[in-house]
Amino acid sequence: MSVPILSAREVNKTFGAVVAARDINVDVAEGEVVGVIGANGAGKTTFVNMVTGYLKPSAGRIQFEGADITALPPRAIIRRGIGRSFQIPQVWGSMTVAENVEVTLGIAAPGPLPFWRKLDRPEMRARADAVLARFGIAEHAEVEARLLSQGVRKLLDVALATVRQPRLLLLDEPTSGISADEKFGVMETLMNALKDQQVTVLFVEHDMQIVERYATRVLAFYDGTIIADGAPSKVLADADVRRHVIGETHRPGKH
C-alpha cells in the first residue's frame with residue numbers, strides 16, 4: 001500500500017479553553033483534489049495552518065510523504081514540498097506581474113542569491129514567462145500587480161506558490177472576491193495548470209458549486225473536527241453537513 005502524501009493522526013489544537021481542532025484523522029493520497037468546507041470557525045483554516053507550520057498542534061502528528069513535519073517551521077515545510085496560497089493574494093503590488101515571478105524565482109533558488117547578480121536577465125525572464133503562460137496571465141506580464149483584477153491577482157498568487165514546484169499545494173478560498181462570471185474560468189485555469197504540474201491539491205472553499213465541480217473528495221469541518229469525508233455527491237448530501245455547513249437550500253448538482 002502506498003504511503004499517503006499527507007497524513008494527520010489525532011491532531012488537536014487548543015487556545016486556552018478554546019478547542020480549535022480535535023481528533024483530526026485524515027490521509028490524502030497523491031493526485032487527489034480535496035475540497036475543505038465548513039462555516040467560519042469550524043477548524044478548516046486551523047488545519048491548513050497546522051499542515052503548513054504556521055500553527056503547531058497541541059497534540060497529534062502530521063506527516064508528509066512519510067516524514068514527520070509536526071514541529072517544522074513554515075520555511076522548512078515549504079522546502080520539503082508543500083506550497084500555499086492565501087485568501088488575500090500575497091503579491092508585490094508595485095512590481096509588474098513578471099517581476100513578481102522573477103523575484104519569487106530568485107528567492108526559491110537554492111543557496112544565497114549573489115547580490116551582484118541581476119534577477120531581470122534573459123534566462124530568468126524566460127522562466128517567468130513560462131510560469132505566466134501556464135496560468136494564462138502572460139498578457140499581464142508588464143502590468144503592476146496592484147492594477148490587476150481580483151481574478152488575475154488570484155492566479156498570480158497561486159502561480160507564485162508553485163515556483164518551488166510543490167508536490168502538495170493548499171489553496172485558501174481560491175475564488176473568494178471573484179465575480180460569479182469569473183469564478184469558473186479562474187478555477188478552470190488553476191486546475192489545468194496544477195494538473196500539468198501533477199500537484200496534489202487541498203482547497204478551502206465556501207462556494208459549493210466550485211467544490212462540487214472541481215473536488216474529487218470533500219472534507220467537511222464542524223466544531224473543530226471532520227464530520228464527513230468522501231465524494232462530493234455523498235458529503236454535500238450528508239444530513240449533518242447540510243445542517244451545519246451548507247444549509248438546506250443547497251441541492252447537489254443544481255448550479
Side-chain angles (χ1 to χ4, degrees), residues 31 33-36 48 52 78 81-110 113 117-216 255:
V33 179
V34 182
V36 181
V48 168
T52 51
I78 289 171
I82 297 178
R84 179 181 182 175
S85 75
F86 292 84
Q87 182 179 353
I88 299 173
Q90 306 294 298
V91 300
W92 290 285
S94 62
M95 293 183 184
T96 68
V97 170
E99 288 169 343
N100 267 268
V101 180
E102 288 174 330
V103 169
T104 305
L105 285 166
I107 293 171
L113 183 69
R117 195 174 187 189
K118 291 178 61 177
L119 284 175
D120 188 15
R121 58 188 192 275
E123 63 269 31
M124 190 69 84
R125 181 54 189 261
R127 292 176 62 194
D129 286 344
V131 172
L132 298 179
R134 186 162 58 248
F135 283 86
I137 53 176
E139 65 186 278
H140 304 283
E142 302 306 325
V143 178
E144 288 186 8
R146 64 185 177 85
L147 301 176
L148 299 172
S149 70
Q150 182 69 353
V152 177
R153 283 171 64 91
K154 287 277 190 175
L155 289 170
L156 175 59
D157 186 41
V158 178
L160 298 181
T162 67
V163 160
R164 287 182 179 268
Q165 298 182 317
R167 296 180 295 285
L168 172 66
L169 183 63
L170 293 91
L171 309 178
D172 193 352
E173 299 193 33
T175 66
S176 69
I178 300 175
S179 70
D181 292 338
E182 284 186 293
K183 67 179 183 180
F184 289 118
V186 168
M187 198 65 181
E188 194 76 26
T189 299
L190 285 180
M191 290 296 102
N192 287 337
L194 297 175
K195 184 178 180 181
D196 288 345
Q197 289 187 280
Q198 299 181 321
V199 182
T200 303
V201 178
L202 271 76
F203 69 96
V204 175
E205 186 56 71
H206 284 289
D207 189 318
M208 293 304 109
Q209 293 182 343
I210 293 293
V211 172
E212 204 170 350
R213 182 175 294 192
Y214 295 102
T216 59
H255 294 174

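Remark: Leu160 CG to Phe86 CZ distance equals 12.0 Å, nearest 0.5 Å. Lys183 NZ to Glu205 CD: the interatomic distance, rounded to the nearest 0.5 Å, is 8.5 Å. The structure places CE of Met95 at 8.5 Å from OG1 of Thr104, a figure rounded to the nearest 0.5 Å. A distance of 5.0 Å separates CD1 in Ile137 from CG in Leu156, rounded to the nearest 0.5 Å. With rounding to the nearest 0.5 Å, the separation of CG in Leu194 from CZ in Phe203 is 11.0 Å. Between atom CG of residue Asp207 and atom CD of residue Glu212 there is a gap of 10.0 Å, rounded to the nearest 0.5 Å.
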request  = Go through Lys154 and Thr175 one step at a time and tell me if the side-chain contact (heavy atoms from CB on, under 4.5 Å) criterion holds.
outcome  = CA-CA 8 Å; Lys154 287 277 190 175; Thr175 66; over 6 Å; no
ask   = Can you check side-chain contact (heavy atoms from CB on, under 4.5 Å) on Val97 and Leu132, steps first, answer last?
value = CA-CA 8 Å; Val97 170; Leu132 298 179; 3.4 Å; yes
key: Test salt bridge (charged side-chain N to carboxylate O under 4.0 Å, His left out) applied to Glu142 and Arg125, step by step   = CA-CA 12 Å; Glu142 302 306 325; Arg125 181 54 189 261; 2.6 Å; yes
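In this structure, Tyr214 contributes its side chain and Gly35 its backbone to no donor-acceptor pair below 3.5 Å. Under the 3.5 Å distance criterion, the side-chain polar atoms of Asn192 are matched with a main-chain donor or acceptor of Glu188. In this structure, Thr200 contributes its side chain and Leu168 its backbone to no donor-acceptor pair below 3.5 Å.
Val143 pairs by the side chain to side chain contact (heavy atoms under 4.5 Å, CB included) definition with His140, Leu147, Leu148, not counting sequence neighbours. With sequence neighbours left out, the side chain to side chain contact (heavy atoms under 4.5 Å, CB included) criterion links Arg146 to Glu144. Considering only residues two or more places apart in sequence or on other chains, Ala193 meets the side chain to side chain contact (heavy atoms under 4.5 Å, CB included) condition with Arg134, Phe135.
The two residues Thr96 and Glu99 make their nearest non-hydrogen contact at N-OE1, 2.9 Å. Smallest separation of non-hydrogen atoms from Gly83 and Pro166: N-CB, 3.6 Å. Contact between Leu169 and Arg84 at its shortest, heavy atoms only, is CD1-N, 3.6 Å. The two residues Glu182 and Ser149 make their nearest non-hydrogen contact at OE2-OG, 3.9 Å. For the pair Thr189 and Gly136, the tightest heavy-atom approach, listed with the atom from each and the gap, is CG2-N, 4.4 Å. Here the shortest heavy-atom pairing between Ala128 and Ala98 reads CB-O, 4.2 Å.
A heavy-atom distance below 4.5 Å is not found between the side chains of Val158 and Pro174. Put simply, the side chain of Leu170 does not reach to within 4.5 Å of the side chain of Asp172, judged on heavy atoms. At least one side-chain heavy atom of Val201 sits under 4.5 Å from a side-chain heavy atom of Leu171. Side chains of Thr162 and Val199 form no contact here, defined as non-hydrogen atoms less than 4.5 Å apart.
Within 6.0 Å of the CD atom in Gln165, the count of heavy atoms belonging to other residues, nucleotides or ligands does not exceed 12.
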